[in-house]
Asks: 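Mind looking over this structure? Questions follow.
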Amino acid sequence: MKTIVAHGAHDLRIEEREMPSPGPGQVLIRLETGGICGSDLHYYHHGGFGPVRLKEPMILGHEVAGIVESLGPEAQALHRGQRVAVSPSRPCRACRFCHAGQPNQCLNMRFYGSAMPFPHIQGAFREYLVADVAQCAPAEGLTAGEAAMAEPLSVVLHAANRAGVLLGKRVLVTGCGPIGALAVLVARAAGAAEIIATDLTDFTLNMALKLGADRAINMGQEPDGLAPYASDKGQVDVLFECSGAAPALVGAIPAMRPGGIIMQLGLGGDMTLPMQAITAKELQMRGSFRFHEEFFTAVRLMQSGRIDVKPLITHEVALDKAEEGFKLASDRAQAMKAQIRFS
């Protein structure tokens, strides 16, 4: 079977690997669609992000959906021919964080396409994938492209859960790539009174407006665009920082009201922050890393129609054009979510 393997920065190869077979409690999935994530792009462009570096060839990908091809023993909860969204989150369920109800912080996490541990956890961009039944969310009524969006939607649902009540709140989203765009969708569905979106490209900002943002500010063209929200010690209740860029976070702090919540989702390396301003405003900084149980909620929200991710899927390429897909996904002036078609 064909797989998409990163060997280093700008060294992406389509390689043959042996066909897998499912064991007890597992299914074999014929992959239909895989979405290219920001972390995939970091591996493609830079060979990693922050201190996380590729130390061996690694199959990329963790936003996937496909059709159940065959079942191993004890896998009767699913059936052949069924479309499923596949969660990449595979905690050990035995460490202290799993027992404490924090499976996303599992000490032995096997998250598809991650170079954090060594040997690396190989990813899901392969024509056939073996997955545990517990990872698979039945995706009836969804297209393969929509089902593959369950993973990034789960990331935002986890962050929204950590942010608390959004009903009636003024929400700022910095960085309107796929995660930021989904943050706009989730904040709107949760009843935010006003949503402000900032970015550096008109394409992403127009998408944010289409998805429900009330105002979009191009910070490259309007560097003081958030100034009106800085009056009276700040007007913003919750910040979803989705860019991972220090200037975006630092520039948003004057707009935060005292006691406001900063949800940091973007991963881009360490930042130097204005701690005096954060302290004086008593801002609450909360990290948000991955997800777990939110995955099945994400699928249900899409199936119910409460969250519509279709506008985010802007490009699809065939498997043999994978590198073209990575280049498209890197172009914030024309692409939101680029997906690879496996079958």
Side-chain angles (χ1 to χ4, degrees), residues 37-38 149 152-153 155-231 234-257 260-268 271 283 285-286 288 301 306-314 329-338:
C37 174
M149 290 292 291
L153 178 55
V155 169
V156 176
L157 291 176
H158 181 72
N161 191 36
R162 288 187 46 72
V165 175
L166 297 178
L167 182 66
K169 300 294 179 67
R170 178 177 280 134
V171 173
L172 172 61
V173 177
T174 54
C176 293
I179 294 298
L182 286 166
V184 170
L185 275 174
V186 169
R188 180 56 68 215
E194 183 181 0
I195 302 170
I196 308 125
T198 68
D199 205 323
L200 298 173
T201 68
D202 289 336
F203 173 79
T204 54
L205 290 168
N206 287 332
M207 179 67 74
L209 289 171
K210 181 178 180 179
L211 297 174
D214 297 287
R215 185 178 176 194
I217 304 171
N218 187 318
M219 298 301 287
Q221 299 172 9
E222 299 179 68
D224 297 323
L226 288 174
Y229 298 97
S231 63
Q235 306 292 322
V236 172
D237 299 297
V238 179
L239 165 64
F240 287 95
E241 204 303 289
C242 304
S243 72
L249 176 54
V250 172
I253 286 173
M256 299 297 297
R257 68 161 176 81
I261 296 169
I262 298 172
M263 287 304 313
Q264 184 63 42
L265 289 85
L267 295 173
M271 299 181 182
L283 297 178
M285 289 204 66
R286 303 179 185 178
S288 183
L301 285 172
R306 291 182 61 193
I307 297 286
D308 181 9
V309 300
K310 291 191 293 294
L312 278 74
I313 304 170
T314 54
S330 305
D331 187 351
R332 296 284 299 281
Q334 65 167 317
M336 179 59 65
K337 175 59 68 176

Asks: List the atom of R286, the atom of A163, and the distance in Å for their closest heavy-atom pair.
Replies: NH1-O, 3.7 Å
Asks: Using the side-chain contact (heavy atoms from CB on, under 4.5 Å) rule, pick out the option among T204, N218, I217 that qualifies with T198.
Replies: I217
Asks: Could you tell me the separation between the OG atom of S243 and the CD1 atom of I179, rounded to the nearest 0.5 Å?
Replies: 12.5 Å
Asks: Let me confirm one number: the CG-CZ distance from L205 to R215, rounded to the nearest 0.5 Å.
Replies: 11.0 Å
Asks: Are any of the side-chain heavy atoms of L301 and L157 separated by less than 4.5 Å?
Replies: yes
Asks: Is any side-chain heavy atom of L182 closer than 4.5 Å to a side-chain heavy atom of M149?
Replies: yes
Asks: To the nearest 0.5 Å, how far apart are CE in M207 and NZ in K337?
Replies: 12.0 Å
Asks: Minimum heavy-atom separation for L239 and V236, please, with both atom names.
Replies: N-CG1, 4.5 Å
Asks: Checking Q221 side chain against P223 main chain: does a donor-acceptor pair fall under 3.5 Å?
Replies: no
Asks: Heavy atoms only: give me the nearest I307-A189 pair and the separation to one decimal.
Replies: CD1-CB, 3.8 Å
Asks: Just so I know, are the side chains of I196 and L226 near enough to count as touching, which here means a heavy-atom distance under 4.5 Å?
Replies: yes
Asks: How far apart are the closest heavy atoms of L166 and A187, and which atoms are they?
Replies: CD1-CA, 4.1 Å
Asks: Show your reasoning for whether side-chain contact (heavy atoms from CB on, under 4.5 Å) applies to L249 and T174.
Replies: CA-CA 8 Å; L249 176 54; T174 54; over 6 Å; no
Asks: Does atom CZ of R162 have more than 12 heavy-atom neighbours, drawn from other residues, nucleotides or ligands, at distances under 6.0 Å?
Replies: yes
Asks: Taking it one step at a time, do L200 and R332 satisfy side-chain contact (heavy atoms from CB on, under 4.5 Å)?
Replies: CA-CA 9 Å; L200 298 173; R332 296 284 299 281; over 6 Å; no
Asks: Which heavy atom in G175 sits nearest to a heavy atom in C242, and how many Å separate them?
Replies: O-CB, 3.5 Å
Asks: Roughly how far, to the nearest 0.5 Å, is the CE atom of M285 from the CD1 atom of I261?
Replies: 12.0 Å
Asks: Per the side-chain hydrogen bond (donor to acceptor under 3.5 Å, both in side chains) rule, which among Q235, K169, R170 passes with E194?
Replies: R170
Asks: So do L211 and L312 actually touch side chain to side chain, heavy atoms under 4.5 Å?
Replies: yes
Asks: Does D199 use its side chain to pair, donor to acceptor, with the backbone of C176 at less than 3.5 Å?
Replies: yes
Asks: Considering non-hydrogen atoms only, spot the tightest contact between R188 and G212 and give its length.
Replies: NH2-O, 2.7 Å
Asks: To the nearest 0.5 Å, what is the distance between CD (E241) and CG (L172)?
Replies: 9.0 Å
Asks: Which residue in the set V173, V184, V186 passes side-chain contact (heavy atoms from CB on, under 4.5 Å) when paired with V156?
Replies: V186
